[in-house]
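Residues take their numbers from the sequence shown, with the count starting at 1. Only heavy atoms go into these numbers, but all of them, side chains included; no hydrogens, no water, no symmetry mates.
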Amino acid sequence: MRRFALTHPKSIIISAIMPILLLTVTVGSAMAQTDPQNPAGTGPTSPLGPETPFDPNQKIKPGFDVNVTVTNAKNEIETDLTGVFRVDTRGMINEKLVGEIDIKDLKPAQAADLIAGKLKAVVINPTVKVSIASVPRPQVLLSGQVTKPGSYPINSGTTLGEALTIFGVTENADLARVRITHKTDAGEKSTQEYNFLKWLKPNGSEKPDEAQNPVLQDKDLVFLQPKAVSAMGVVKVEGSVIRPGIVPIETGLPTDLRQALARAGGPTPTADKRQVTLRRYGVEKPFIFDYDKVEAGDAMQNILIREDDIIYVSSLGPDQFINLNGAFIRPGKLPYNRPITLTQAVSEGAGLSPQAKGNEGKVFRHIGGADPTKTQIISFNYDKVRKNLSPDFLLEPGDTVEVPIGSGPRPQLTGLELAQSLLSVALIVDRLLNPGTRQF
């Protein structure tokens with residue numbers, strides 16, 4: 001019978017799949033092992049490998065397990081005082097007969113001397129040996145677009161890339177915006193955002209950016225944001241705009257401040273354009289812009305908008321505008337951001353309507369605040385002001401300018417309309433003078 005050589009296709013296939021089968025069995029066995037910090041097998045376990053070796057002579061901290069051995073003058077072990085003790089959050093262990101002993105920040109030899117001194121009252125010539133049995137592994141909390149959110153033990157030196165590779169991310173994870181919040185023992189928090197793609201998939205010939213693959217620390221919170229569902233992002237526009245609320249912006253295409261406000265309908269007449277505030281995630285202080293300069297083409301004021309920005313347009317105070325009431329083409333509130341005269345205000349209101357009673361205009365000036373008895377009324381004849389027969393005058397913030405509406409001048413008759421009117425009058429007169437005349 002002919003034997004197959006090692007180069008036979010069947011042999012090649014078996015040789016190729018055997019390492020894969022062995023790797024699968026090995027990984028499965030490793031995942032099934034009980035975590036040393038989780039002997040009951042409940043909750044998530046870490047496949048990052050065995051615990052990092054620790055310094056046996058380091059200072060004792062809360063959460064450490066310490067092995068305490070006590071012998072008496074006869075070199076006999078005091079079994080009631082010997083064992084493994086968990087150091088509580090205060091740094092205490094509880095020894096029978098003497099109670100709590102504070103060994104926090106002591107090295108094992110120092111802790112042994114302290115415990116021996118405490119036990120002299122109950123044991124003759126006690127000898128105490130203390131060793132560190134185990135230290136708690138650093139823990140990180142994974143949340144957001146990860147396959148298995150939760151708290152996991154890590155090793156010293158574990159990087160973001162190692163954690164994400166082992167614990168997995170969803171297809172909707174935005175790896176360009178990974179937030180890591182670090183909390184110190186004192187309770188202080190700091191948050192930083194990383195573009196992990198610059199390390200994972202650098203462009204062209206660029207090297208992986210190691211700064212975007214930080215080493216994780218104990219108590220770090222790693223949050224993976226979701227990608228935008230569509231090609232649209234949003235910003236929030238609030239305050240004195242025509243349509244406040246959520247405004248869509250195209251992701252990947254630059255959108256500036258002016259475009260964002262335009263999509264919200266633009267500022268209202270009572271908007272304080274000099275106080276446009278923009279708040280941005282991760283930036284403590286808000287940005288403040290002068291929208292008048294934006295409209296004038298100032299590129300420094302017309303910045304590019306980012307997704308999740310919040311734009312707020314302030315309103316003018318009651319003493320920052322004047323009111324145009326009555327027969328104005330465009331009545332309403334007129335911002336008072338510079339000295340303005342009566343004729344300028346009428347021009348800003350698009351002029352007066354043909355029905356305006358320009359000779360009966362009034363300015364109401366509230367010099368006494370909310371007290372109506374102190375309101376000053378200034379009468380003016382705008383027809384004379386316009387013809388330079390009466391002086392123009394400055395308005396003040398808070399003034400109300402009112403021009404009443406009348407019936408207006410009658411339109412001039414055309415030649416045909418005038419002839420028809422004269423004929424009607426002639427017929428009426430003829431009937432009155434000749435009542436018996438028959439008409440055919």
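Under the 4.0 Å criterion applied to side-chain N and carboxylate O atoms, Arg365 and Asp399 are assigned as salt-bridge partners. Ionic pairing of Asp102 and Lys104 is not present here: no N-O contact between side-chain nitrogen and carboxylate oxygen is shorter than 4.0 angstrom. With salt bridges taken as basic N to acidic carboxylate O contacts below 4.0 Å, none links Asp256 and Arg258. For Arg338 and Glu348, the salt-bridge test passes: some basic side-chain N is under 4.0 Å from an acidic carboxylate O.
The backbone N or O of Gly161 sits less than 3.5 Å from a side-chain atom of Asn213, completing a donor-acceptor pair. Without hydrogens or angle criteria, Gln58 side chain to Asp55 main chain gives a donor-acceptor distance under 3.5 Å. In this structure, the side chain of Glu295 does not engage the main chain of Asp292 through any donor-acceptor pair within 3.5 Å. Checked by atom type and distance alone, the side chain of Thr341 never pairs as donor or acceptor with a backbone atom of Asp392 at under 3.5 Å. Distance alone, capped at 3.5 Å, places no donor-acceptor pair between the Ser143 side chain and the Phe223 backbone. No donor-acceptor pair closer than 3.5 Å links the side chain of Ser315 to the backbone N or O of Gly239.
Side chain to side chain, Asn195 and Gln212 fail the donor-acceptor criterion of an N or O pair below 3.5 Å. For the residue pair Thr181 and Thr191, a side-chain donor N or O sits within less than 3.5 Å of a side-chain acceptor on the partner.
Taking all atoms of both residues into account, the shortest heavy-atom contact from Ile103 to Val66 is CD1-CG2, 4.2 Å. For the pair Phe54 and Ala133, the tightest heavy-atom approach, listed with the atom from each and the gap, is CZ-O, 3.8 Å. Closest non-hydrogen pair, Val401 versus Leu342, comes out as CG1-CD1, 4.0 Å.
Side chains of Ile180 and Gln192 form no contact here, defined as non-hydrogen atoms less than 4.5 Å apart. For the pair Val87/Lys61, no side-chain contact is recorded, criterion being any heavy-atom separation below 4.5 Å from C-beta on. Taking the side chain as every heavy atom from C-beta outward, Val237 and Pro244 never approach each other to under 4.5 Å. Residues Ile93 and Ile115 meet the side-chain proximity criterion, which asks for heavy atoms closer than 4.5 Å. Between Arg306 and Tyr281, the closest side-chain pair of non-hydrogen atoms is not below 4.5 Å. Using a 4.5 Å heavy-atom cutoff, the side chains of Leu114 and Lys118 are in contact.
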Does Asp218 form a side-chain contact (heavy atoms from CB on, under 4.5 Å) with Gln139? I'd like the steps, not just the answer.
CA-CA 5 Å; Asp218 188 27; Gln139 297 275 333; 4.0 Å; yes
Before you tell me yes or no, could you show the steps for Asn72 and Glu78 under side-chain contact (heavy atoms from CB on, under 4.5 Å), namely the whole-Å CA-CA distance, both residues' side-chain angles and the distance that decides it to 0.1 Å?
CA-CA 7 Å; Asn72 56 30; Glu78 296 286 343; 3.0 Å; yes
Worked check of side-chain contact (heavy atoms from CB on, under 4.5 Å) between Val146 and Val222
CA-CA 10 Å; Val146 291; Val222 180; over 6 Å; no
